[in-house]
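Read through the structure below, which is laid out as structure tokens, and then see the notes.
Order of appearance sets the numbers: ligands from 1, and atoms from 1 within every ligand. Here the structure is a predicted model, which is why all the values come from computation and not from measurement.
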Amino acid sequence: MSEPDIPVSQPRAWVEINLPNLIKNLAFAREISSCKIMAVVKAGAYGHGLEEISKTLEENEIAFLGVANIGEARRIREAGVSTPIYLLGASWDGEREEIVARNITPCISTVAEASAFNDIAKRRGVRLAVHLAVDTGMGRGGFLPEELPEKWAQLVNLESLIIEGIASHLSSSDEDEAFTFLQISAFEAAIESLGGLERFKWRHLSNSGGILGFPQGNCNLARPGLLLYGVSPIPSYQQKLHCVMSLKSRVTLVRTLPAGASVSYGRSFVTTKPTRVATIGIGYGDGYPRHVSGKGAEVLIRGKRHKLIGRVTMDQVMVALPDDSDVSVGDEVELFGPNISAREVATFADTITWEIFTGITPRVQRVYLRSSNEIAF
Ligand SMILES: *Cc1c(COP(=O)(O)O)cnc(C)c1O
């Protein structure tokens, strides 16, 4: 609640979400896969904001939104979005009643799961669309290909289910080409073993890496996540994508420290000469990874890169400035965005871009840019 006489400050750490660029990446996913799109919006649309991103994607006519759990599905429905929603992983008993009541499409890994959904659907007097999951090498869920024909005989008797799709998931599409090709052929063989393409309205296998690096085989639906958000898991495609999320903050202090002054917890950085030091209002409490400490990570201020010094603290980081620097208090800082890629930060933090995006905490305000020349503040 804002009180009338108290001014509201700008946030000191925020992300700018460029929606036109999200749409460009969606168009690219469509073009390169020649498939309909299930846009993966799990984990708050990879930190970009579940409701806002789902609404924007719905305006662009996607076939499905892919989520991790019923809680995410509920939030999407409560935001007024009516695009079909698919659950990317297995669900347990306590979630099924709501899944059926909301007509969310689950994937099925066992006959027991399928029967449980069938019973609920029957009791509620509805038929539930489901997709069969096939485990071609992810080991996280799905029927093993060799057991499928036998299980299929049991599944088709479940009259309150409509087996509308078949799916698998690539475990190594950005790491192991040979294994990915094996998964693609195992998936094709699984579909053949159940009577061929015509049995399934939807056939889907590819994540971003699969879409970019591999043929889509007999699929007609693709499940991009990361690539929609502007990052290619396969670096050679990076220039085809457009940056969606920029993490920003401001310089809160500029000081000159004498030679021999230590900076941040543990005193891992000590000045060797008098040094101009800028303090910036963001830290690991915002999701900027503490693990980049001491690795040479840089931030952008006034169009120039500056190295972090000392450890990342919960709410603040420090950078060293050249002696002639014109950096001053209030300057905008890009932690990642169009000039410093999230992948670069992930590499310094010894992790993956997915984790950087999903790690941005609720304290960081999401600001949505709706046209390409809009600025946040
Ligand atoms: C997360 C996920 C995706 C999207 O993966 P990206 O690598 O981000 O494109 C696709 N399918 C499934 C089953 C997933 O869990």
(request) May I ask you to check whether S33 and Q216 show a side-chain donor-acceptor distance below 3.5 Å? (result) no
*Begin with the C-alpha distance, continue with both residues' side-chain angles, and end with the deciding distance and a verdict on side chain to side chain donor-acceptor pair (under 3.5 Å) for E188 and N218.*
CA-CA 7 Å; E188 288 175 345; N218 53 15; 4.8 Å; no
- Message: Between ligand 1 and P224, is the shortest N or O to N or O distance under 3.5 Å?
- Response: no
For atom 7 (O) of ligand 1, the closest protein heavy atom turns out to be W354 NE1, 3.3 Å
Open item on the list: Can you see whether R311 engages S264 through a side-chain donor-acceptor pair at a distance of less than 3.5 angstrom?
Closed with: no
In this structure, atom 11 (N) of ligand 1 is nearest to the protein heavy atom R223 NE, 2.8 Å
When you check the side-chain N and O atoms of R77 and S54, is any donor under 3.5 Å from an acceptor?
no
Next item on the list: Determine whether any heavy atom of M138 lies closer than 4.0 Å to an atom of ligand 1.
Entry: no
Honestly, for H204 the part within reach of ligand 1 (heavy atoms, under 4.0 Å) is neither
- Measure the distances from the heavy atoms of L227 to every atom of ligand 1 and state whether one is below 4.0 angstrom. no
Looking only at protein heavy atoms, what sits closest to atom 3 (C) of ligand 1 is K42 NZ, 3.7 Å
Please determine whether any non-hydrogen atom of Y229 lies less than 4.0 Å from an atom of ligand 1. no
So the atoms of ligand 1 within less than 4.0 Å of a heavy atom of L226 turn out to be 6 (P), 8 (O), 9 (O)
Nearest heavy-atom approach of I211 to A29 is CG2-O, 4.3 Å
- Does Q238 CD have over 12 foreign heavy atoms under 6.0 Å away? yes
If we number the atoms of ligand 1 from 1 as shown, the ones under 4.0 Å from a heavy atom of N207 are 5 (O), 6 (P), 7 (O), 9 (O), 10 (C)
Do E164 and H131 get their side chains close enough for a donor-acceptor pair, meaning under 3.5 Å?
yes
Nearest heavy-atom approach of V251 to A278 is CG1-CB, 4.1 Å
Any donor-acceptor pair under 3.5 Å linking the side-chain atoms of S173 with those of N207? yes
One finds that the ligand 1 atoms under 4.0 Å from a non-hydrogen atom of S208 are 6 (P), 7 (O), 9 (O)
min-distance protein heavy atom vs atom 13 (C) of ligand 1 -> H169 ND1, 3.6 Å
protein heavy-atom neighbour closest to atom 4 (C) of ligand 1 works out as Y46 OH, 3.3 Å
